[in-house]
Amino acid sequence: MSAPWHIGVIGGSGLAAGIGLDDAQEIDVSSPFGAPSAPVTTGTLAGVRFTFLPRHGPGHRTPPALVNYRANIDVLKRCGVTDVIALSAIGSLNEAMKPGHFVAVDQFIDRTSSRENSFFEAGIVAHVSMADPVCPRLSAGLADAAEGEGGMVHRSGCYLAMEGPQFSTRAESRMYRTWGADVIGMTAMPEARLAREAELPYGLLAMVTDYDSWREGEAVSVEDVLAVMHRNVALAHRVVRRFAASLPAQRSASPIDTALDNAVMTAPAQRDPVLRARLHAVAGRVL
Ligand SMILES: CSC[C@H]1O[C@H](OP(=O)(O)O)[C@H](O)[C@@H]1O
Ligand SMILES: Nc1ncnc2[nH]cnc12
């Protein structure tokens, strides 16, 4: 079945001010999972509906571990978003992925530890697959758009999600390289997990801002990260606009739209009604 696209964009470090939507309108959307990072801004790009949410809130007030990832995804789902693209700053653990390059992330290693990482809780149990955590068509579309704007793009990369907020020690950074991680950041998990539970295809286009701390004599700083992001804000806007223009007029179904089929373990009669009500937007389709 085909339908119109509605793209949710989660903007990370350096992108709190938005992505230059046409006809932008701010809307305060509430969620049973608490307060999202900010009101959303809805508008269009190349005739496609977009809804933008700054991950760390206006003025970057919310640290990675305190972002209410559940509320953010729930609110995007309530807005009618069909697909989510996330934009992030990342450190590089791979010599070939240089500052200023884009990486269309396609795998994750999750080392976060203090975050609510599921919409499901005692009372309704569900297990979705995370084997292929990103949507290949969003990823390819974002990579094409970044290339089309002259960016150097890596079409695959494994993202190590660390807890932070401090950056890694040299020993940690070197260990993550031996694990096969290519890039590092503090936010894509549990964001990607929750998008999957909400049956929202998720694509992550990240920009390398530094080499993390595995290289002798180099250490990452916020100054480095922001310098790269500020130089590339206009480029990021152009990439998202080009991505919008590249979308087919109608959206065909994605297998991720039905990620919850066969995922819920709890027998219908045993499902906690209070939790079921809370899950209405993200999982009402199957509950
Ligand atoms: C400002 S450096 C560390 C900060 O930047 C990244 O944020 P985001 O993914 O939202 O762009 C990283 O994950 C940290 O949160
Ligand atoms: N080196 C790094 N570690 C964690 N998050 C980052 N975001 C940007 N650079 C980073």
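Counting convention: from 1, in listed order, for ligands and their atoms alike. Residue indices begin at 1 and follow the sequence shown.
A salt bridge does not link R137 to D144: none of the charged side-chain nitrogens sits closer than 4.0 Å to a carboxylate oxygen. Using a 4.0 Å cut-off between charged nitrogen and carboxylate oxygen, D257 and R251 count as a salt-bridge pair. The existence of a salt bridge linking E197 and R70 is excluded, since no basic side-chain nitrogen approaches an acidic carboxylate oxygen closer than 4.0 Å. Between D110 and R193 there is a salt bridge, since a side-chain N of the basic residue sits under 4.0 Å from a carboxylate O of the acidic one.
Nearest protein heavy-atom contact of atom 8 (P) of ligand 1 is R55 NH1, 3.4 Å. The protein heavy atom nearest to atom 8 (C) of ligand 2 is T209 OG1, 3.4 Å. With hydrogens left out, the protein atom closest to atom 10 (O) of ligand 1 is H56 NE2, 2.5 Å, a heavy atom. The single protein non-hydrogen atom nearest to atom 9 (N) of ligand 2 is D210 OD1, 2.7 Å, given as residue, atom name and distance. If you check which protein heavy atom lies closest to atom 10 (C) of ligand 2, you get G91 N, 3.4 Å. From the protein, the heavy atom lying nearest to atom 15 (O) of ligand 1 is P64 CG, 3.3 Å. The protein non-hydrogen atom at the shortest distance from atom 5 (N) of ligand 2 is G185 CA, 3.5 Å. At the shortest separation from atom 5 (O) of ligand 1 among protein heavy atoms lies S13 OG, 2.8 Å. At the shortest separation from atom 7 (N) of ligand 2 among protein heavy atoms lies A89 O, 3.4 Å. The protein atom (non-hydrogen) at minimum distance from atom 3 (C) of ligand 1 is F167 CE2, 4.0 Å. The protein atom (non-hydrogen) at minimum distance from atom 6 (C) of ligand 2 is I184 O, 3.8 Å.
Not a single N or O atom of L226, backbone or side chain, sits closer than 3.5 Å to an N or O atom of ligand 1. Backbone and side-chain nitrogen or oxygen atoms of T187 are examined, and one is located within less than 3.5 angstrom of a nitrogen or oxygen of ligand 1. Not one N or O of F167 is nearer than 3.5 Å to an N or O of ligand 2, by distance alone. Residue-to-ligand polar distances keep V222 apart from ligand 1: every N/O pair is separated by 3.5 Å or more.
Taking each heavy atom of P36 and V29 in turn, the nearest pair found is CG-O, 3.7 Å.
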- Would Y202 and E191 satisfy side-chain hydrogen bond (donor to acceptor under 3.5 Å, both in side chains), going step by step from the backbone distance to the final call? CA-CA 9 Å; Y202 180 87; E191 196 171 85; 2.6 Å; yes
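Under 4.0 angstrom from ligand 1, the non-hydrogen atoms of M186 come from both its backbone and its side chain.
Between the CG atom of L160 and the CD1 atom of I184 there is a distance of 4.5 Å, given to the nearest 0.5 Å. To the nearest 0.5 Å, atom CZ of residue R78 and atom CD1 of residue I27 are 14.0 Å apart.
Results of the side-chain contact (heavy atoms from CB on, under 4.5 Å) test with L93 over M175, R174, R177 single out R177 as the only residue that passes. Tested against M189 for a side-chain contact (heavy atoms from CB on, under 4.5 Å), the candidates M162, M130, E163 yield a single pass: M130.
For F33 and Y69, the gap between ring centers reaches or exceeds 6.0 Å.
Looking only at atom types and distance, the side chain of S37 has no donor-acceptor partner in the side chain of T62 under 3.5 Å away. Inspection of the T41 and Q25 side chains reveals no N or O donor paired with an N or O acceptor under 3.5 Å.
Listed by atom number, the atoms of ligand 1 under 4.0 Å from S88 heavy atoms are 8 (P), 9 (O), 11 (O). Every atom of ligand 1 with a heavy atom of G185 under 4.0 Å away is listed here by number and element: 13 (O). Each of the atoms 1 (C), 2 (S) of ligand 1 lies under 4.0 Å from some heavy atom of V225. Remark: ligand 2 atoms within the under-4.0 Å shell around heavy atoms of D212 are 1 (N), 2 (C), 3 (N). Atoms of ligand 2 lying under 4.0 Å from any heavy atom of M162, numbered from 1 in the order shown and given with element: 4 (C).
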